[in-house]
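Please read all numbers here as calculations on a predicted model, not as lab measurements.
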Amino acid sequence: GVEVGPQPQGVARADVLDKMRKIVKHGLDFVQLFNEGKEFPPCTIEVFKIMEKVDYPRNKNGEIIAIIHPKLQDQDWQPLKNGDPLFLTLDGEVIPYQGNCTVYPTFINEAAYYEKKQAFVKTEKIKLTGKHLRLPVS
């Protein structure tokens, strides 16, 4: 599957659909070249690995008591360091991120995840290395 976004629910955006078409085309081009016997050299790529889902702060009744801090809003895939603003209570208190490493939040304040009790997802940036790739000659 391919997920390209952000895109509001129930909305078809031409720019997002164009990105999806390009990604699918690159995938199909790869399959064709691989099947033709092209050798692909080793490579390294940075990816984001999900660490955990983070909920909104809640009271004892399970009600949300803070919102995403304005400095975090729309900052998907940007580094979040210890002490950076994370949430803002309805009383104006800033709740900072408390972590021992830099993380990269994504799906920040997505409407589709409120019911899943998810304010954002913490990810870590890692490098993956692939060996050379070629269709075996038979």
Side-chain angles (χ1 to χ4, degrees):
V2 175
E3 182 176 344
V4 182
Q7 179 168 298
Q9 295 173 329
V11 174
R13 289 183 44 156
D15 60 332
V16 174
L17 291 173
D18 185 54
K19 288 177 185 178
M20 183 194 62
R21 278 190 204 98
K22 287 178 182 174
I23 290 170
V24 170
K25 183 181 179 317
H26 285 304
L28 293 172
D29 289 345
F30 170 81
V31 170
Q32 180 175 349
L33 292 169
F34 179 79
N35 287 340
E36 291 172 356
K38 177 170 175 59
E39 184 171 348
F40 294 88
C43 65
T44 300
I45 185 172
E46 284 186 335
V47 299
F48 295 89
K49 180 181 175 185
I50 293 175
M51 298 169 69
E52 68 177 304
K53 296 174 183 177
V54 178
D55 192 9
Y56 293 90
R58 295 177 183 270
N59 65 18
K60 62 184 177 190
N61 297 324
E63 299 163 327
I64 294 174
I65 59 168
I67 58 175
I68 294 293
H69 192 280
K71 289 187 178 179
L72 181 60
Q73 184 65 52
D74 301 322
Q75 296 300 307
D76 294 75
W77 312 112
Q78 299 304 308
L80 180 66
K81 301 176 187 129
N82 188 45
D84 285 349
L86 193 58
F87 296 105
L88 185 63
T89 69
L90 302 178
D91 296 332
E93 178 189 343
V94 174
I95 300 173
Y97 170 62
Q98 296 179 356
N100 56 5
C101 66
T102 299
V103 297
Y104 298 83
T106 188
F107 304 114
I108 300 169
N109 203 25
E110 292 281 342
Y113 297 120
Y114 271 80
E115 66 187 33
K116 296 177 181 173
K117 297 184 176 183
Q118 180 180 310
F120 63 93
V121 173
K122 283 188 344 188
T123 69
E124 62 180 328
K125 191 186 295 189
I126 62 173
K127 288 185 179 185
L128 297 179
T129 301
K131 299 177 182 178
H132 85 283
L133 184 63
R134 184 175 185 181
L135 182 68
V137 179
S138 41

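Note: the hydrophobic cluster containing Leu86 also contains Ile64 (ILVMFWY, side chain heavy atoms under 4.5 Å, direct or indirect links). By the criterion of side-chain heavy atoms lying less than 4.5 angstrom apart, applied directly or through intervening Ile, Leu, Val, Met, Phe, Trp or Tyr residues, Val94 is grouped together with Ile67 in one hydrophobic cluster. Grouping the Ile, Leu, Val, Met, Phe, Trp and Tyr side chains by contacts below 4.5 angstrom, directly or via other members, places Ile68 apart from Val121.
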_Show, in sequence, the C-alpha distance, side-chain angles and deciding distance for Val103 and Tyr97, and conclude whether the side-chain contact (heavy atoms from CB on, under 4.5 Å) test is met._
CA-CA 10 Å; Val103 297; Tyr97 170 62; 3.4 Å; yes

*Would Gln118 and Asp55 satisfy side chain to side chain donor-acceptor pair (under 3.5 Å), going step by step from the backbone distance to the final call?*
CA-CA 4 Å; Gln118 180 180 310; Asp55 192 9; over 6 Å; no

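Contacts classified as ring pair (Phe, Tyr, Trp, His ring centres under 6.0 Å) and involving residues 33-55 (residues at least two apart or in different chains) are given here: Phe30-Phe40, Phe48-Trp77, Phe48-Tyr104.
With hydrogens and angles disregarded, no donor-acceptor distance shorter than 3.5 Å links the side chain of Asn35 to the backbone of Gln32. One N or O on the side chain of Asn59 and one on the backbone of Asn61 form a donor-acceptor pair closer than 3.5 Å. Proximity of a side-chain donor or acceptor of Asp76 to a complementary backbone N or O of Ile108 within less than 3.5 Å is detected.
Contact detail for Val54 and Lys122: the closest heavy-atom pair is CG2-CG, 3.8 Å. The heavy-atom pair separating Asn82 from Gln98 by the smallest distance is OD1-CA, 3.2 Å.
By the side-chain contact (heavy atoms from CB on, under 4.5 Å) test, Glu46 pairs with Lys125, Lys127, sequence neighbours left out.
In summary, Lys19 and Asp15 do not engage in a salt bridge, as defined by a charged side-chain N under 4.0 Å from a carboxylate O.
If you look at Tyr56 and Tyr114, their ring centroids are closer than 6.0 Å.
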